[in-house]
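Since this is a predicted model, take the numbers as computed values, not measurements. Here is how names work: the chains are called A, B, and so on, in the same order as the sequence lines, proteins then strands, and each is numbered from 1.
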Amino acid sequence: MPEMLEVELYRQLATRVLGRVIARVDAPDQWFLKGRLTGDHVRDALVGRSFGADRRIGKLLLLDVVDGPTLGLRFGMTGRLIVDGEAAIARLEYGAAAGRSAWDRFGIAFDDGGSLVLRDPRRLGGVELDPDESRLGPDALEVTPAQLRGILARSAAPLKARLLDQSRLAGVGNLLADEMLWRAGLDPARVASSLTPAEVRRLHRHLRDTLDELTDRGGSHTGDLQVMRSTDGVCPKDGEPLQQRTIGGRTTYSCPRHQR
DNA sequence: CCGGATGTTCACCT
DNA sequence: GAGGTGAACATCCG
């Protein structure tokens, strides 16, 4: 589920807990604590304090502790955020089983009785203290055309692989990458540096439009290409059968007719 | 039963 | 150094 659009919804949901006093930290899954972090470390840093700000860079949700460190939350492919028992996204992944508390990997209880829980069936997400934010490129919602040009310049990697590289551009995941390239009419396998200035501008425009439109529709999985992929497998623009390949290590769908 | 899935990291190749 | 591949994580879905 979570690409940056979903994490942005999680961030908005997390705004509710700002200012509340943290009473308890539940870290039942050591695997979920990244690096050498332990439950006690997190407790020492959080209990008795409160969050002063919520931020997001790409797919990373950041909660700044007042007079303390920053809590970093990652959601992997199936992580969800639940605040006061309420999920940000009504549509549940994993069907009716989306609400199994056995998948609660990390939780915070506040002294007002409320809570913030990270529920992740596949355990691909994680928790960090003071994550290294410098490892992430500019957020895809903020990237300028000039920055995008720089990201693609001098790279022999496939265009899509470059867009997925979080250290260069933060937030674009597999579904969003396919959707924006399909909209922009660009072949995901093109060498990144081969794009003309006009093509980079076109990509930037479609990057913005894709993020805006799929936010309105309700998530990363609501793209035209994604929807079509699950039905008859032809390009919604021109009816050409969609091509399936692996690019940048990820399953990739594209239209061989209009994506060049 | 088998393969694949929205992510990240790491080991190992070329 | 730059990229690619495959594995790992655990679970559900088609």
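Here the side chain of A:Thr251 is nearest to one of B:dT6, B:dA5, C:dG3, namely B:dA5. Of all nucleotides listed (C:dG3, C:dA10, B:dT8), C:dA10 comes nearest to the side chain of A:Arg105. When each of B:dT6, C:dG3, C:dC12 is scored by its nearest atom to the side-chain atoms of A:Asn174, the top-ranked nucleotide is B:dT6. When each of C:dG3, C:dA10, B:dT9 is scored by its nearest atom to the side-chain atoms of A:Arg123, the top-ranked nucleotide is C:dA10. Nearest to the side chain of A:Glu3, among C:dG4, C:dC9, B:dG7, sits B:dG7.
Between A:Leu62 and A:Pro131, the closest heavy-atom pair is CD2-CG, 3.5 Å. Nearest heavy-atom pair across A:Ala14 and A:Leu81 is CB-CD2, 4.1 Å. Here the shortest heavy-atom pairing between A:Ser254 and A:Pro256 reads O-CD, 3.6 Å.
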Handout entry: Verdict with reasoning, A:Arg183 to A:Asp209, per salt bridge (Lys or Arg N to Asp or Glu O under 4.0 Å)
Key = CA-CA 9 Å; A:Arg183 290 180 178 223; A:Asp209 290 352; over 6 Å; no
Handout entry: Stepwise salt bridge (Lys or Arg N to Asp or Glu O under 4.0 Å) test for A:Arg49 and A:Asp67
Key = CA-CA 8 Å; A:Arg49 295 196 175 91; A:Asp67 295 325; over 6 Å; no
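Under 4.0 angstrom from either OP1 or OP2 of B:dT8 there lies at least one side-chain N or O belonging to A:Lys59. At C:dG3, one or more side-chain N or O atoms of A:Ser155 fall inside 4.0 Å of OP1 or OP2 (strictly under the cut-off). At the phosphate of B:dG7, neither OP1 nor OP2 sits under 4.0 Å from any side-chain N or O atom of A:Arg74.
Relative ring orientation between A:Trp182 and A:His258 is described as perpendicular, the plane-to-plane angle rising above 60° on a 0-90° scale split at 30° and 60°.
If you check every strand for non-hydrogen atoms under 4.0 Å, A:Thr246 touches nothing.
At whole-Å resolution of the value, CG in A:Leu124 and P in B:dG4 are 17 Å apart. Separating the CG atom of A:Asp120 from the P atom of B:dT6 is a distance of 15 Å, rounded to the nearest angstrom. Rounding to whole angstrom units, CG of residue A:Leu159 and P of C:dG4 are separated by 12 Å. Rounded to whole Å, the distance from CH2 on A:Trp31 to C1' on B:dC10 is 11 Å. The distance from atom CD of A:Gln226 to atom P of B:dG4 is 16 Å, rounded to the nearest whole Å. The interatomic distance linking A:Met77 (CE) with C:dA10 (P) rounds to 13 Å, in whole Å. In this structure, the CZ atom of A:Arg154 is 17 Å from the P atom of C:dG1, given to the nearest Å. The CG atom of A:Leu118 sits 14 Å away from the P atom of B:dT8 (whole-angstrom rounding).
Surrounding CZ of A:Arg217 are more than 12 heavy atoms belonging to other residues, nucleotides or ligands, all under 6.0 Å away.
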Handout entry: Dot-bracket summary - DNA chain B, pairs being Watson-Crick or G-U whose distances fall under 3.5 Å, with | when paired to another strand
Key = .||||.||||||||
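Rounded to whole Å, the separation between the P atoms of C:dT5 and B:dG4 comes to 14 Å. Across the C1' atoms, C:dG6 and B:dG3 are found 15 Å apart, a figure rounded to whole Å. Atom name P, nucleotides C:dC12 and B:dT8: the rounded distance is 22 Å, in whole Å.
Between the side chain of A:Gln244 and the backbone N or O of A:Thr251 there is no donor-acceptor pair closer than 3.5 Å.
Residues A:Gly249 and A:Arg168 each lie close to DNA chain C; by heavy-atom proximity, the contact nearer the 5' end of the strand is made by A:Arg168.
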